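Sequence lines set the chain letters: A, B, ... in the order given, protein chains first and strands last, and positions in each chain run from 1. Note that the coordinates shown come from a computational prediction; the quantities given were computed from them, not determined experimentally.
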Amino acid sequence: MAISVYNTLTRRKEPFVPVHPGRVGMYVCGPTVYKPSHVGHMVGPVIFDTVKRFLSWAGYQVKFVVNITDIDDKLIVEAVKQNSTVPIVAERVTADYMDCLKALGVRGIDLFPKATDHIPEILSMIESLIAKGHAYPSAGDVYFDVASDGDYGKLCNRDPEQMEAGARIEISDRKKNPGDFALWKGAKPGEPSWPSPWGPGRPGWHIECSAMSLKWLGAPIDIHGGGLDLQFPHHENELAQSESYLGHAFTKYWMHNGLMKTGDKKMSKSEGNEVVVSLLLKRHKSEAIRYLLLSSHYRSPIEFSEARLEEVGRTLEGFHRFFELFARISGKSFFYLETPKHREAKRLDPALAPEGLLRDIMTLSARLFESLADDFNTGGAIGALHEMLTRLNRFVAETRLEENRDQASLDPLIAGATLLRECGLLLGLFEEETVKESGTGLTDGLMKLLIELRAESRKTKNFAMADQIRKGLTDLNITLEDRPGGTIWRQS
RNA sequence: GGGCCCUUCGCCAAGUGGUAAGGCAACGGUUUGCAAAACCGUUAUUCCCCGGUUCGAAUCCGGGAGGGCCCUCCA
């Protein structure tokens with residue numbers, strides 16, 4: 001299966017060929033843990049989690065690393081503000097980040113290295129860069145010498161001289177050139193610090209990612225990802241220092257996800273318009289958030305609104321109604337259907353399936369796989385998912401399976417549903433069974449009683465009474481559905 | 001001043017040279033005692049505008065308009 005990836009470095013879609021056959025190393029820049037995560041922070045993890053799901057399914061062995069930046073200027077400021085310490089704030093915010101990832105079904109990250117656990121690696125990298133003439137100490141700091149890197153700016157297609165025209169770069173008499181950036185920052189009194197050959201200090205922002213990426217994934221790695229806003233200066237600088245250090249390529253494919261917006265502006269901590277994930281999770285299903293993040297292409301900006309999230313919730317209900325229907329007629333839980341872990345061309349070839357439901361579902365699944373293989377087009381994939389749902393529902397209606405439950409129709413339905421689940425899992429959707437909110441024994445008993453009373457009324461054609469019961473329940477946000485197999489109820 | 005990118009139905013959104021997926025909303029129909037759900041159908045002769053290339057363009061090229069991101073911390 002030919003997979004293509006858009007590479008920021010070349011500004012083209014390229015065939016995906018890993019550096020080592022069968023193996024993929026992927027590094028995604030994680031958060032600076034000074035404030036709780038907002039939805040925008042989840043875009044990258046969800047996208048790259050999906051990338052890993054798909055690549056693993058396609059047969060690659062993927063190692064996925066996301067760093068935690070637990071030392072940084074903002075963190076120091078935040079700790080002072082909270083009358084706390086950097087490690088305590090970092091630990092608390094990291095825990096929040098982990099909770100968010102878990103809620104959104106991000107399970108593919110193998111390792112979360114912390115910057116402060118890699119000071120020796122960082123120091124040795126800086127020393128080597130100095131020895132090679134790419135960096136210079138200056139008054140307790142160490143700076144990367146941009147002029148020493150012939151192709152500096154290649155990731156973002158930037159000319160260092162043109163950038164100076166913007167004149168927004170911090171001017172410092174410690175630097176040789178305004179574009180030089182800190183590898184090591186000397187500590188001011190009271191700041192957390194580590195000893196170094198240049199005096200006590202802490203790592204600069206970019207060097208940790210280089211050091212950790214090299215340590216845990218080697219070089220070159222296959223995929224280096226992050227938000228579009230990280231392209232410059234973060235990734236450009238990472239690239240410059242890493243390749244200057246290595247003398248060869250650092251990353252094969254650079255991938256950048258689009259940013260989340262609220263009210264036409266970028267969502268960010270500094271804009272103050274961020275929507276904190278932990279709060280959002282109290283009002284919306286995590287699956288809806290994940291679906292929203294995957295519904296458009298990962299390189300496009302996403303306009304965030306709770307109205308959209310509610311719309312997505314309605315959309316997702318359609319799937320979950322089918323899952324309940326499926327359980328009623330097959331006696332099997334959709335969520336426990338066993339799905340194959342890997343792609344096998346023969347198993348999934350529609351041409352090899354007998355005509356009918358299963359072949360149709362296979363054809364649609366093939367479209368989903370192709371979408372994902374084409375630069376991880378999750379929006380196209382979700383479209384295919386919907387068409388599968390419609391086809392499955394139509395089959396149930398046409399075969400009147402809900403009434404007769406004949407085995408000859410049940411078998412293809414189960415096979416089709418299993419394939420739908422396999423596809424959903426690639427996107428990290430339909431992972432968890434929807435649990436009825438207040439399924440207490442009392443509620444169930446009362447509902448059973450009311451449904452029986454209403455059934456009696458209907459039998460004796462006392463529709464006024466039947467409708468009164470249903471109307472009363474509707475007012476309590478409970479919907480009754482008279483299905484062929486009996487009346488069911490649902491709380492909205 | 002420089003770099004990157006976007007503009008497809010009321011809203012969201014796929015499609016990157018072969019004649020417009022999908023979702024939400026809306027409206028018809030089937031079904032139902034009536035509903036609900038589901039299914040079927042309708043809703044862009046057209047893809048911001050103007051030129052060009054081509055047998056053929058939403059897709060490629062040129063120009064214009066509008067919008068976003070980056071060049072400062074940011075996922």
Notebook entry, point to check: Out of A:R12, A:E14, A:K13, which one pairs with A:T10 under the side chain to side chain donor-acceptor pair (under 3.5 Å) rule?
Noted result: A:E14

Check: A:F319 vs A:F430 aromatic rings, parallel, tilted or perpendicular, using cut-offs 30° and 60°?
Finding: tilted

Check: When we call it a touch if two heavy atoms are under 4.0 Å apart, what does A:G225 touch: a base, just sugar-phosphate, or nothing?
Finding: nothing

Check: Is A:D229 side chain donor-acceptor paired with the B:rC71 base, going by distance under 3.5 Å alone?
Finding: no

Check: With rounding to whole Å, what would you report as the distance between B:rC40 and B:rC6 at their C1' atoms?
Finding: 37 Å

Checklist line | NZ/NE/NH1/NH2 to OD/OE distance under 4.0 Å, A:R290 and A:D49 | finding: yes

Notebook entry, point to check: Base, sugar-phosphate, or nothing for A:S268, non-hydrogen atoms under 4.0 angstrom?
Noted result: base

Check: Within the modelled atom types, does a donor on one side and an acceptor on the other bring the side chain of A:N377 and the base of B:rG15 under 3.5 Å apart?
Finding: no

Note to self: Between P on B:rA13 and CD on A:E311, what's the gap in Å once rounded to a whole number?
What the structure shows: 10 Å

Next item on the list: Determine the Euclidean distance between corresponding P atoms of B:rC11 and B:rC49; express it in Å to zero decimal places.
Entry: 15 Å

Check: Has A:R470 got a side-chain N or O lying under 4.0 Å from the OP1 or OP2 atom of B:rC34?
Finding: no

Notebook entry, point to check: Is A:R454 touching bases, backbone alone, or none of the nucleic acid, heavy atoms closer than 4.0 Å?
Noted result: base

Next item on the list: Please answer whether B:rG33 and A:F463 are stacked, defined here as ring centres separated by less than 5.5 Å and planes angled under 30°.
Entry: yes

Next item on the list: Write down the partner of B:rG28 under the Watson-Crick or G-U wobble criteria, each distance required to be under 3.5 Å.
Entry: B:rC40

Checklist line | Sugar-phosphate, base or nothing in reach of A:Y6, heavy atoms under 4.0 Å | finding: sugar-phosphate

Item checked: Rounded distance in Å - CG (A:D467) to P (B:rG33) -> 12 Å

Note to self: Looking at A:K102 and A:D99, is there a salt bridge between them, counting it only when a charged N and a carboxylate O are closer than 4.0 Å?
What the structure shows: no

Check: Base, sugar-phosphate, or nothing: which does A:M260 touch, judged by heavy atoms less than 4.0 Å apart?
Finding: base

Margin query: So, under a plain 3.5 Å distance rule, would you say the side chain of A:K74 forms a donor-acceptor pair with the base of B:rC73?
Written below: yes

Note to self: With a 3.5 Å cut-off and heavy atoms only, can you find an N or O donor on one side and an acceptor on the other between the side chain of A:R299 and the base of B:rC5?
What the structure shows: no

Checklist line | Any residue meeting side-chain contact (heavy atoms from CB on, under 4.5 Å) with A:E402, in chain and number order, not counting sequence neighbours | finding: A:L325, A:R328, A:I329, A:R483, A:P484

Check: How is A:H256 classified with respect to the nucleic acid when contacts are heavy atoms under 4.0 Å: base, sugar-phosphate, or nothing?
Finding: nothing

Notebook entry, point to check: Considering only B:rC40, B:rC70, B:rA36, which nucleotide approaches the side chain of A:R158 most closely?
Noted result: B:rC70

Item checked: From B:rC39, B:rA14, B:rA37, nucleotide with atom closest to A:E481 side chain -> B:rA37

Next item on the list: Sticking with atom C1', work out how far B:rU43 lies from B:rG28, rounded to a whole angstrom.
Entry: 11 Å

Notebook entry, point to check: Taking the nucleotide of RNA chain B with the closest heavy atom to each, which residue, A:L228 or A:N157, is nearer the 5' end?
Noted result: A:N157

Checklist line | Residue met sooner reading RNA chain B from 5', once A:E398 and A:H41 are mapped to nucleotides | finding: A:E398

Notebook entry, point to check: If pairing requires Watson-Crick or G-U wobble contacts with both distances under 3.5 Å, which nucleotide is the partner of B:rU7?
Noted result: B:rA65

